[in-house]
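Bear in mind the structure is a predicted one, so any value in this text is a computation, not a measurement. Every chain is numbered from 1, with letters handed out A, B, ... down the list of sequences. What you see below is based on every heavy atom in this structure, not just the backbone, and it leaves out hydrogens, waters and symmetry mates.
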Protein chains: 2
Amino acid sequence: MESYIAVGALGALAQEARLTIFRMLVQAGPGGLRVGAIGKALEIPPATLSFHLAQLQHAGLVTARRKGREMIQVAAFERMNELLAYLTKNCCGEDLQACAPIVCKPTPRRRKKP
Amino acid sequence: MESYIAVGALGALAQEARLTIFRMLVQAGPGGLRVGAIGKALEIPPATLSFHLAQLQHAGLVTARRKGREMIQVAAFERMNELLAYLTKNCCGEDLQACAPIVCKPTPRRRKKP
DNA sequence: TCTATAATTCCAGAAATATGGAATCATATA
DNA sequence: TATATGATTCCATATTTCTGGAATTATAGA
């Protein structure tokens, strides 16, 4: 990961409302959350919420897809893991063994029918 | 870790110069680096560098100790690990097994005389 | 097509951050 | 004590980010 990407992602998370939103999305998993649900839960005015979601999307930490007239926001686990990897890179000098690997991922769902 | 602490730490890292400085300090390990050495390496004017170091210190990501007329800056590995833990908390819903633990630490030094 | 709902964009003012020269503070050494 | 060096603080300016009301866009359903 290039440093300017990391700076962008860190900046996107460096704000109370956005950090909260992102954590909600991580918890929600791949199913994501509707913008309205987020706004209702956090009591953020629509314009402000859109602004924050745009910041997270621009940083690559969140993706959005339309579902009817609603927008579903989903955490970008891959980008987040790249960020975590970037932050812990070079932590242990040459002794890579000393660093535990980092993985952030949604709870695996059980398959419906085996 | 409380969210406002995390926001502060993320904000401190969300700037090119500061992220670079922090990574230099992580690489340098517990021995840290002199302010002058950092400034020389990155070619940042003294006032600007002091400002950025103060931000990192205020966020708890760096500590400083005086050595003669020089100030030694050291990465705060513990705080960084708390931040990483905070960021990956709730990643896997209830299935905590699915998340790898995160540890960022300096390269362990060999003891001088056994 | 008309209406209602969900969300974004536009805009302007407020607030927080970044930058760096000049002055100041802290320590070492002659 | 005088001088030099390393670093911080002061301060003014520039830049970026945040906020939210009003207008606009997108889609669903009557």
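- If you measure from atom CE of A/Met71 to atom P of D/dT25, you get 17 Å, rounded to the nearest angstrom.
- Listed pair B/Arg66 / C/dT27 meets the phosphate criterion, a side-chain N or O lying under 4.0 Å from OP1 or OP2.
- Taking atom CG of residue B/Leu53 and atom P of nucleotide D/dG6, one finds them 16 Å apart after rounding to whole Å.
- Here B/Gln55 reaches the OP1 or OP2 of C/dA18: one of its side-chain N or O atoms lies under 4.0 Å away.
- For B/Leu42 and C/dG20, the CG to P distance is 13 Å, given to the nearest whole Å.
- Protein atom CZ of B/Arg34 is 15 Å distant from nucleotide atom C1' of C/dT27, rounded to whole Å.
- Each of A/His52 and A/Gly68 was matched to the nucleotide of DNA chain D holding its nearest heavy atom; the match closer to the 5' end belongs to A/His52.
- The closest donor-acceptor contact from the side chain of A/Arg23 to the backbone of B/Tyr86 lies under 3.5 Å.
- Panel note: side chain B/Arg65, backbone B/Ile72; no donor-acceptor pair is recorded below 3.5 Å.
- Between B/Arg69 and the phosphate of C/dC25, there is no side-chain N or O to OP1/OP2 separation shorter than 4.0 Å.
- Atom CZ of A/Arg65 is separated from atom P of C/dA6 by 18 Å (rounded to the nearest Å).
- Shortest non-hydrogen contact noted between A/Ala6 and B/Leu19 is CB-CD2, 3.9 Å.
- For the pair B/Phe51 CZ and D/dC10 P, the computed distance is 14 Å after rounding to whole Å.
- Rounded to a whole Å, the CG atom of A/Leu49 is 19 Å from the P atom of D/dT17.
- In terms of heavy-atom proximity, A/His52 sits nearest to A/Ile21 at CB-CD1, 4.3 Å.
- Between the B/Arg79 side chain and the B/Leu61 main chain, no donor and acceptor come within less than 3.5 Å of each other.
- Residue-level contact check: B/Pro46 touches the bases, meaning some heavy atom is under 4.0 Å from a base atom.
- Between A/Ser50 and C/dT8, a side-chain N or O to OP1/OP2 separation shorter than 4.0 Å is present.
- As a whole-Å value, the separation of B/Glu43 CD from C/dT19 C1' is 16 Å.
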